[in-house]
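In each ligand, atom 1 is the first atom listed, and ligand 1 is the first ligand listed. Values below: all heavy atoms of this structure, side chains included; hydrogens, waters and symmetry mates excluded. FYI, the numbering just counts along the sequence from 1.
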Amino acid sequence: MICLGIESTAHTFGVGIADEKGNILSDEKDTYKSKEGWGIIPIESAEHHREVADSLIQKALAAASLEMKDIDLISFSQGPGLAPCLYAGLNKTMELSRNFSIPYIGVNHCVAHIEIGKIYAEQKDPVVVFTSGANTQIISFNNGRYRIFGETMDVGLGNALDKFGRSAGIGFPAGPKIEELGRSGKWIELPYVVKGMDLSFSGIVTEASKRLEKGCRLEDVCFSIQESMFSMVTEVTERAIAHLGKEEVMLTGGVAANRFLQEKLRIMSEERKARFSACPMKLAGDNGAMIAWTGILAHKSGYKSEKGKILPRWRADDMEISWMK
Ligand code: AMP
Ligand code: MG
């Protein structure tokens with residue numbers, strides 16, 4: 001079985017093709033870029049997705065040496081995400097399905113991040129640290145679902161770093177720049193906010209920006225904002241492993257690129273005798289391949305998605321994981 005997957009939840013339009021062993025036959029993407037200093041403008045991003053869709057589908061087919069008639073299933077990211085962007089993906093999916101008489105299925109974007117990570121970070125049953133621009137969640141499989149054991153109560157970790165980056169004038173996305181600057185920084189006191197298993201980042205961003213205004217070195221603030229936020233994520237992850245008795249920790253999402261975060265999680269995992277690995281970077285950000293692979297898992301296990309509909313607020317734990325029964 002060969003599946004073509006379409007990702008369109010936020011700024012990335014991705015088209016990936018996967019087979020039923022999880023091999024990725026092709027994976028193409030194009031990302032909407034907002035005006036300097038602005039975040040994603042949903043209708044502009046959706047317009048971008050509509051403009052690039054056909055050429056990316058052709059590119060993905062060509063890279064896999066396939067034609068539409070070779071495709072057995074189309075899957076798309078049904079949510080969570082920005083409604084106009086999700087519609088761009090749904091409409092393209094339904095158009096292809098109609099024109100080529102191929103069945104389609106909707107899958108959960110966060111679940112897809114986990115499933116592609118399990119293959120390519122080589123883990124079976126991990127505690128997943130999923131941290132992207134918009135999301136930060138500690139997730140693990142338990143009793144038929146991917147349960148969310150801890151999460152941010154306000155912004156995602158990536159967006160928090162980007163927000164600080166905007167106030168510091170270091171450009172977008174700020175994550176990589178903050179990592180680089182932080183290497184030569186020293187600790188200054190910043191808040192640390194863990195409530196039970198949940199996290200809050202926005203107060204730390206405000207405080208870090210104030211430190212800069214008061215004349216603290218940018219390098220020190222960059223070091224400390226990471227030290228504080230990543231320690232919070234590590235604390236909650238450690239508690240999840242201990243509580244669930246899991247033996248693997250997997251990091252994914254765009255912030256997985258950060259060496260400093262990887263190192264903290266690795267050390268904690270080793271101390272807990274758990275195996276740590278990060279999803280390879282080209283699959284850690286939003287991509288079509290993860291949607292294609294999850295489409296195959298869902299379809300083969302008899303999962304039925306809602307037709308002709310997007311689910312902008314669909315949580316990972318609201319999807320039935322029929323392939324892990
Ligand atoms: P995603 O939403 O999964 O596409 O991830 C994008 C987010 O990852 C942005 O908020 C970036 O600032 C963040 N990011 C990318 N590279 C790094 C890095 N090296 N350190 C911290 N954050 C990063
Ligand atoms: Mg994502």
Without hydrogens or angle criteria, can the side chains of Tyr303 and Glu320 be said to hold a donor-acceptor pair below 3.5 Å? no
Check this for me: does any side-chain nitrogen of one of Arg315 and Asp317 sit under 4.0 Å from a carboxylate oxygen of the other? yes
Nearest non-hydrogen protein atom, atom 12 (O) of ligand 1: Asp162 OD1, 2.7 Å
Between Glu213 and Lys210, does any NZ, NE, NH1 or NH2 come within less than 4.0 Å of an OD or OE carboxylate oxygen? no
With only distance considered, is Gly158 within less than 3.5 Å of ligand 1 through an N or O on each side? yes
cation_pi(Lys124, Phe141) dist<6.0 Å, angle<=45: no
Angular separation of NE2 (His113) and NE2 (His109) seen from the Mg ion (ligand 2), to 10°: 80°
Residue, atom name and distance, where the atom is the protein heavy atom closest to atom 13 (C) of ligand 1: Val255 CG2, 3.9 Å
Short N or O distance, Asn258 and ligand 1, threshold 3.5 Å exclusive: yes
Any idea which N/O/S atom from Asp286 gets closest to the Mg ion (ligand 2)? OD1
Between Glu238 and Arg272, does any side-chain N to carboxylate O distance fall below 4.0 Å? yes
Around atom 22 (N) of ligand 1, find the nearest protein heavy atom and jot down its residue, atom name and distance. Gly175 CA, 3.3 Å
Proximity winner for atom 17 (C) of ligand 1, if only heavy atoms of Ala256, Gly156, Ala284, Pro176 are counted: Pro176
Can you tell me which portion of Leu161 lies within the under-4.0 Å heavy-atom range of ligand 1? Options are side chain, backbone, both, or neither. side chain
Tell me: protein heavy atom nearest atom 4 (O) of ligand 1, and distance? His11 CE1, 3.7 Å
Taking only non-hydrogen atoms of Pro173 and a 4.0 Å limit, the atoms of ligand 1 in range are 11 (C), 12 (O)
Can you tell me the protein heavy atom closest to atom 19 (N) of ligand 1 and the distance? Glu179 OE1, 2.8 Å
Taking atom CD of Glu247 as the centre, report whether more than 12 heavy atoms of other residues, nucleotides or ligands fall under 6.0 Å from it. no
Are more than 12 heavy atoms from other residues, nucleotides or ligands located less than 6.0 Å from atom CD of Glu122? no
Inspect the surroundings of NZ in Lys304 and state if more than 12 heavy atoms from other residues, nucleotides or ligands are less than 6.0 Å away. no
When you compare the side chains of Glu227 and Tyr192, does any donor N or O come within less than 3.5 Å of an acceptor on the partner? no
As a check for students: among Ala10, Gly253, Gly133, Gly165, identify the option with a heavy atom nearest to atom 7 (C) of ligand 1. Gly133
What protein heavy atom sits nearest atom 3 (O) of ligand 1, and how far away is it? Gly254 N, 2.9 Å
